[in-house]
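Small disclaimer: the values here were computed from a predicted structure and weren't measured. By convention in this document, chain letters (A, B, ...) are assigned in the order of the sequence lines, proteins followed by strands, and residues within each chain are numbered from 1.
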Amino acid sequence: MLVINALEARQVKNEEARFIVKRWRTQLRSLAVGAAMLCATVGYAQEEPSGSFIDGEYVEGYVYVPEFTSPQELKKLIDEKSTDIVIVDTAAPLIWEEERISGAVNFPWAPTIALPVGLPRDKALVIYCACNDHEDSIDMAEKLTHLGYLNVTVLEGGWFEWLDLGYDTEGSAVEGVPR
Amino acid sequence: MIPSKTIRLALLCSAALLGIPALAGGILSGLDVGEPTPAIPVVDVTGAYAGKRVCYVCEFQNAPNVLAFFRDADDATAELIVRLDDLYRRHKAKDFKAVAILIAGPDAKPWLEELDRSYGIEIPLVVFGKGPQDVGMRLYKLDPQVRNTFLITVNRFVESNVADIEPSQFDEVTRAASDMLGKIGDR
């Protein structure tokens with residue numbers, strides 16, 4: 001009788017243990033599913049758009065990489081009196097009035113570009129700034145590209161290199177100064 | 001001759017209008033709060049580009065910074081530059097930048113070099129290439145009568161403008177810079 005009771009007791013314990021293990025498994029499975037769903041949601045929320053709007057159209061995977069024109073190339077185009085280019089100075093109007101690359105138009109850098117943009121779309125734009133590392137001209141070139149200007153380059157070395165090379169400038173500060 | 005009633009009224013209105021900015025603690029010198037900071041070429045004296053024309057506004061780009069303009073190369077300016085340098089050292093880990101611009105122009109170069117040697121200044125000390133006649137004066141709306149102008153800026157916009165202070169009032173600049181850095185931290 002004692003033996004039977006002992007066996008029954010063990011059987012009950014085994015069933016309890018099995019039930020506990022089963023419950024744990026169910027809970028662990030729910031946890032795993034929950035964690036997976038959470039990770040997926042967080043991943044989705046953190047995913048940044050990899051593209052950009054170019055001329056009103058979203059271009060997936062777009063990364064702006066500036067293209068450069070060397071001062072020598074620009075000088076050659078100016079000397080050839082090329083009508084295919086527009087030189088764009090990003091300086092403030094006061095600075096542009098004082099001195100600029102000969103023939104350059106003024107389109108001052110601003111945190112946001114005011115529309116409509118008064119620059120031609122059928123010409124090659126060569127943008128420059130008086131910056132250490134083309135900061136303002138690259139920023140401007142990128143903004144114009146987003147507005148659909150697809151033939152935009154940055155003048156390598158910018159204004160400072162142009163001056164160092166002794167190339168022609170014009171403006172109120174250089175009027176009457178022989179170069 | 002007694003001016004007519006209309007002229008007297010016009011004079012009274014003009015006086016009132018001129019008085020408003022002073023009463024409201026208006027800007028004494030420099031760009032107003034909210035204005036963008038345009039590129040401004042200067043001549044570097046002690047910075048990374050010593051001897052060259054450079055644009056620190058462009059280099060700082062969106063980083064929080066102080067553009068400090070000083071009229072005179074004197075003791076008060078020296079003390080303010082040392083304090084500004086100290087402010088920079090305390091916050092440089094937060095990408096904070098600062099530059100001291102001497103309006104006096106290239107004549108102030110030896111004085112700035114001596115200041116740098118004496119105090120081991122870390123911020124770039126620069127000058128306006130054409131001195132008080134430089135286009136930067138008009139571009140940044142600097143009043144030539146005002147001794148100093150501190151523009152506390154971030155993202156190429158002026159956040160605060162502190163002008164014509166004594167060295168003992170430098171706390172105003174410290175407070176404005178701390179407020180700006182605090183706001184950035186909260187974003």
Side-chain angles (χ1 to χ4, degrees), chain A residues 48 64 66 71 87-101 104-114 127-143 154-167 169-177, chain B residues 30-65 67 95 97 99 101 105 123-124 126-142 144 151 153-159:
Chain A
E48 284 183 9
Y64 176 72
I87 308 164
V88 182
D89 185 341
T90 62
L94 281 172
I95 293 181
W96 175 84
E97 280 164 20
E98 202 170 72
E99 197 175 3
R100 57 191 173 267
I101 292 178
V105 300
N106 190 210
F107 195 73
W109 177 89
T112 49
I113 292 180
I127 302 185
Y128 74 91
C129 67
C131 305
N132 311 347
D133 197 18
H134 317 97
E135 291 93 347
D136 285 6
S137 46
I138 287 178
D139 184 65
M140 181 67 82
E142 181 171 7
K143 283 171 181 162
V154 170
L155 177 63
E156 210 175 338
W159 172 245
F160 296 133
E161 190 164 338
W162 188 265
L163 286 181
D164 289 345
L165 289 164
Y167 291 163
T169 61
E170 62 182 17
S172 60
V174 290
E175 274 168 19
V177 179
Chain B
L31 296 174
D32 210 340
V33 171
E35 285 195 85
T37 54
I40 179 173
V42 292
V43 179
D44 198 351
V45 176
T46 68
Y49 308 91
K52 290 184 178 170
R53 279 162 298 203
V54 67
C55 172
Y56 276 104
V57 173
C58 312
E59 178 150 307
F60 294 168
Q61 278 296 310
N62 294 336
N65 67 78
L67 309 172
D95 200 29
K97 319 272 184 192
V99 60
I101 302 156
I123 61 169
V126 308
V127 295
F128 271 155
K130 293 179 183 171
Q133 277 71 50
D134 198 279
V135 68
M137 291 294 290
R138 283 179 291 149
L139 192 61
Y140 270 71
K141 300 180 184 171
L142 299 169
L151 299 179
T153 90
V154 66
N155 293 323
R156 300 283 296 264
F157 283 103
V158 177
E159 282 273 321

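- Scanning all heavy atoms of the two residues, the minimum distance from A:Asn132 to B:Val54 falls at OD1-CG2, 3.0 Å.
- For the pair A:Ala173 and B:Lys130, the tightest heavy-atom approach, listed with the atom from each and the gap, is CB-NZ, 3.9 Å.
- Note that the CD atom of A:Glu135 and the CG atom of B:Asn62 stand 11.0 Å from one another [nearest 0.5 Å].
- Neither the backbone nor the side chain of A:Cys129 comes within contact range of chain B, judged by heavy atoms closer than 4.5 Å.
- Contact of B:Glu59 with chain A is made through backbone and side chain together, with heavy-atom distances under 4.5 Å.
- Comparing A:Pro93, A:Cys131, A:Pro108 by heavy-atom pairs within less than 4.5 Å of chain B, the highest count is held by A:Cys131.
- Contact check for B:Pro41 versus A:Ile95: side-chain heavy atoms found under the 4.5 Å cut-off.
- B:Arg156 has a carboxylate O that lies under 4.0 Å from a charged side-chain N of A:Asp136, or vice versa, which qualifies the two as a salt bridge.
- By the 4.5 Å heavy-atom criterion applied to side chains, B:Arg53 and A:Asp164 are counted as neighbours.
- Taking SG from B:Cys58 and CD1 from A:Ile138, the interatomic distance works out to 11.5 Å, rounded to the nearest 0.5 Å.
- For A:Ala130, the parts sitting under 4.5 Å from any heavy atom of chain B are the backbone and the side chain alike.
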